[in-house]
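Shown next, in structure tokens, is the structure this report addresses.
Each ligand, and each atom within it, is numbered from 1 in the order the structure gives.
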Amino acid sequence: MIFLLKLLIVSSMMRMWVSAKAIGRVDVSINNYLQNKLDLTVHCKSANDDLGEHIVPYLKNYTFTFKKRFFQGTLFFCSFQWNGPLHWFDIYDQSRDDCDDCLWEITETGPCFYSQCYEWNKS
Ligand SMILES: *[C@@H]1O[C@H](CO)[C@@H](O)[C@H](O)[C@H]1NC(C)=O
């Protein structure tokens, strides 16, 4: 009985910790590392928010902050353009990312998260 009670307390504490983590604030920073040194046009959206278009000069950044949603995972996707076609990337995916300060470096071939580089979305 005592054991069961302890189990209950520990599991509810764990659940509180998980939910505190799940509703925290997240900063996403998008840094222009295009080797051609062109301005980068960034436009990010989620299901609920359209953050508008932002022009990021070479080696500068665009940063936005949001609160994670507890029930539906948060997803922000962005378009990126310098000369020519739009490229897309899921810049924050709650099921993929565990960062509170998410620092992205945008290159021609795709975004890099620290030394991990990704390709643009296919579609
Ligand atoms: C973004 O740019 C601002 C202003 O130039 C700078 O203070 C800040 O350190 C930069 N942030 C990142 C993550 O590079």
Side-chain angles (χ1 to χ4, degrees):
M1 187 61 202
I2 301 274
F3 172 74
L4 218 60
L5 206 65
K6 275 191 192 158
L7 204 68
L8 206 70
I9 291 170
V10 169
S11 78
S12 68
M13 274 166 58
M14 274 171 64
R15 212 167 307 140
M16 273 157 56
W17 178 77
V18 167
S19 63
K21 238 176 108 61
I23 59 178
R25 287 186 163 280
V26 177
D27 295 313
V28 174
S29 177
I30 295 170
N31 292 265
N32 178 350
Y33 274 73
L34 293 173
Q35 303 207 324
N36 57 26
K37 304 186 180 177
L38 292 176
D39 286 353
L40 175 67
T41 302
V42 182
H43 191 169
C44 298
K45 294 178 189 178
S46 70
N48 307 297
D49 297 296
D50 183 333
L51 304 180
E53 208 169 87
H54 297 268
I55 296 178
V56 186
Y58 177 58
L59 295 183
K60 296 283 195 272
N61 66 71
Y62 160 58
T63 300
F64 63 91
T65 301
F66 61 91
K67 270 178 121 165
K68 280 190 266 186
R69 290 170 171 273
F70 185 35
F71 293 109
Q72 323 136 256
T74 306
L75 178 69
F76 274 93
F77 52 95
C78 308
S79 70
F80 298 89
Q81 189 176 34
W82 49 98
N83 54 9
L86 285 178
H87 299 275
W88 294 88
F89 190 70
D90 298 337
I91 207 75
Y92 185 84
D93 178 348
Q94 195 163 324
S95 61
R96 178 194 67 197
D97 299 322
D98 192 28
C99 47
D100 300 324
D101 236 321
C102 311
L103 211 78
W104 289 93
E105 296 181 352
I106 307 303
T107 73
E108 277 88 342
T109 52
C112 298
F113 187 79
Y114 298 93
S115 47
Q116 164 109 51
C117 294
Y118 294 82
E119 295 188 346
W120 300 113
N121 290 1
K122 297 293 176 216
S123 52

So for ligand 1, is T63 a polar contact partner (N or O within less than 3.5 Å, distance only)? no

In short, D97 meets Y92 closest at the heavy-atom pair OD2-CA, 3.4 Å

With distance as the sole criterion, is a donor-acceptor pair present between the side chains of Q94 and T74 under 3.5 Å? yes

Distance alone, cut at 3.5 Å: any donor-acceptor contact between the side chains of N48 and S46? no

Would you say atom 9 (O) of ligand 1 has a protein heavy atom nearer than 4.0 Å? no

For the residue pair W88 and F77, categorise the inter-ring angle as parallel (less than 30°), tilted (30 to 60°) or perpendicular (more than 60°). tilted

Give the atom numbers and elements of ligand 1 that come within less than 4.0 Å of a heavy atom of L103. 13 (C)

Atom 5 (O) of ligand 1 sits nearest the protein heavy atom K60 CD, 4.5 Å

Taking the six-membered ring for Trp, are F80 and W120 parallel (under 30°), tilted (30 to 60°) or perpendicular (over 60°)? tilted

Would you mind running through ligand 1 and noting each atom that sits below 4.0 Å from a heavy atom of N31? 12 (C), 14 (O)

Nearest-neighbour protein heavy atom for atom 2 (O) of ligand 1, which is reported as residue plus atom name and distance: N61 ND2, 2.3 Å

